[in-house]
Amino acid sequence: MLDISYVRENLDEVRRRLATRGFDTTVLDRFEELDVRRRRAITEHGDLAAERNRLSPEIGALMKEGKNDEAEAKRLRVKALKEQIDALDAERDAAEHDLNEIMFGIPNLPHESVPVGKDESANVEVRRWGAAPELGFEPLDHVTLGEKHGILDLPRAAKITGTRFPLTLGAGALLERALMNFMLDVHTREHGYQEVLPPVIVNSDSLFGTGQLPKFEQDLFKLDYERPYYLIPTAEVPVTNMFRDEILEADSLPRKMAAHTLCFRSEAGSFGQDTRGIIRVHQFSKVELVWCVRPEESYAVLEKLTDDASEILRRLGLHHRVVALSTGDFTSSSAKTYDIEVWIPSQHTFREISSCSNFEAYQARRAQIRYRPEPGAKTQFVHTLNGSGLAIGRTWVAVVENYQQADGSILIPEALRCYMGGLERIG
RNA sequence: GGAGGGGUAGUCUAAUUGGUAAGGCACCGGUUUCGAAAACCGGCGCGCGAAAGCGCUUGGGGGUUCGAGUCCCCCCCUCUCCGCCA
């Protein structure tokens, strides 16, 4: 959520910057009208309430003195005031409700360094690492390789649950576990992240805090339970919300956490995309990196975070690139996002394996995550950031495809062997 | 799931059985001091307002009342005990 007084005072600038995201800014016309109506109701409420608050204790005093007639007169006056106040409150609540609907739907303002464009064609590649493996033969895709080695069984996953669910086994399951441990070890032992193992079911307040609700409910799995509980689409939700409604100690910042969880996405609206394999599934495993920082350092941290995630791919020897997403291509809550894309041989292209975003105060304002810059100072919203470090399902695909050999076997990257009991090769 | 105790501003703690949130600590500013400590004065949740001010705020939401921290209803969290369970 944006700062409402910032929007009020910089309406034209807000309009202009949101337009670069392809956001329909006509709702901002209603914003002005509702904002004025709301504030007028609040002011008038204040005037009437002041009179009520003055009279009300007088009634008690009069009654104690036995002056019941005088008390009765004032009582009637206060009762009339109350009716007017209730009417104003109803007006304020209505305006506030509509205003909130607008504010909750407004995406973050893109940072000035973000390339402007209406979709992914305007994204800018900022760097590239390594080279695609020279296989010397037409690469098999991960589904074919997985079936061939008995490490991936999608037909059975479809039987157990339905389409778009993963089932790895044997060395395939071990590879997933190895990737998880490898990533967590690098981030916690070398990059200084605190390890977190959070709930994977969250309430609607948490999803509101990070921005998935109310606008993107269709992307989530909602549980049939007596309360509105959802499966997490990413560990960003529980980990960021650890600090919801808290005032953090200034010297505890920056907070940096790494969490491995399963993630669940309904993938509504993506029928027909990536239907083969486990690139796009309803359930996947991911290591997520989350930061809470002082506002002034958030852009330096975004670079650091992106590099921490990239380090995993460097250690695995996987060809990849970092892309600055354009204004038209990144998630609503973010002010700036880098995607890290890994080379997928069977598709002859790069595919997203991590998304690293600076949300500035957008999430912190929704989730009320604050800190006190120094003793006695007013509290301020922190900046939050997060990025995948990395999506394990897609890393699995990248390893299997990039390390396939002419004889059909799959070489295990050096960095993972100690996590796989010394296994050097599958098949 | 059952029984009982709790939830008050950053923190700790009051509030005549309904009368409009009092204090302590920490922190900030000022006075004092060579400087500091102590002491004293003021500030110390959010909102509206140019300001003076005014309003809102006792876990959340409803209700009764001229008036609710206090009474009634629903819900959340937490502590103790019992039951169940991995």
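Within every chain, numbering begins at 1; the chains are lettered A, B, ... in the order of the sequence lines, protein sequences first and strands thereafter.
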Using a cut-off of strictly less than 4.0 Å, decide whether [X] has a side-chain nitrogen or oxygen near OP1 or OP2 of [N].
| X | N | result |
| --- | --- | --- |
| A:Asn53 | B:C56 | yes |
| A:Lys79 | B:U65 | no |
| A:Arg39 | B:G49 | yes |
| A:Arg54 | B:G67 | no |

[atom1] spacing across the pair [N] / [M], given as an integer number of angstrom:
| N | M | atom1 | result |
| --- | --- | --- | --- |
| B:C25 | B:C79 | C1' | 25 Å |
| B:U16 | B:G2 | C1' | 37 Å |
| B:G7 | B:U11 | C1' | 14 Å |
| B:C44 | B:U70 | P | 25 Å |
| B:G59 | B:G45 | C1' | 15 Å |
| B:A26 | B:U58 | P | 28 Å |
| B:G29 | B:C76 | P | 45 Å |
| B:A9 | B:U57 | C1' | 9 Å |

In whole angstrom, what separates [X]'s [atom1] from [N]'s [atom2]?
| X | N | atom1 | atom2 | value |
| --- | --- | --- | --- | --- |
| A:Arg244 | B:C77 | CZ | C1' | 12 Å |
| A:Phe208 | B:G60 | CZ | P | 17 Å |
| A:Arg372 | B:C27 | CZ | C1' | 8 Å |
| A:Asn100 | B:G47 | CG | C1' | 14 Å |
| A:Ile85 | B:U20 | CD1 | P | 18 Å |
| A:Glu51 | B:G67 | CD | C1' | 15 Å |

- Query: Ring centroid separation for A:His383 and A:Phe359, is it under 6.0 angstrom?
  - Reply: no
- Heavy-atom pair of closest approach, residues A:Ser252 and A:Leu248: OG-CB, 4.0 Å
- Message: Under 4.0 Å, counting only non-hydrogen atoms across every strand here, what does A:Arg40 touch: a base, just sugar-phosphate, or nothing?
- Response: nothing
- Query: Across the strands shown, which category fits A:Ile59 at heavy-atom distances under 4.0 angstrom: base, sugar-phosphate, nothing?
  - Reply: base
- Message: Nearest heavy atom decides the nucleotide; on that basis, is A:Arg52 or A:Arg8 closer to the 5' end of RNA chain B?
- Response: A:Arg8
- Task: Specify the residue among A:Pro57 and A:Arg75 whose closest nucleotide of RNA chain B lies further upstream toward the 5′ end.
- Result: A:Pro57
- Query: Do A:Ser56 and B:C66 share a donor-acceptor pair, side chain to base, under 3.5 Å?
  - Reply: yes
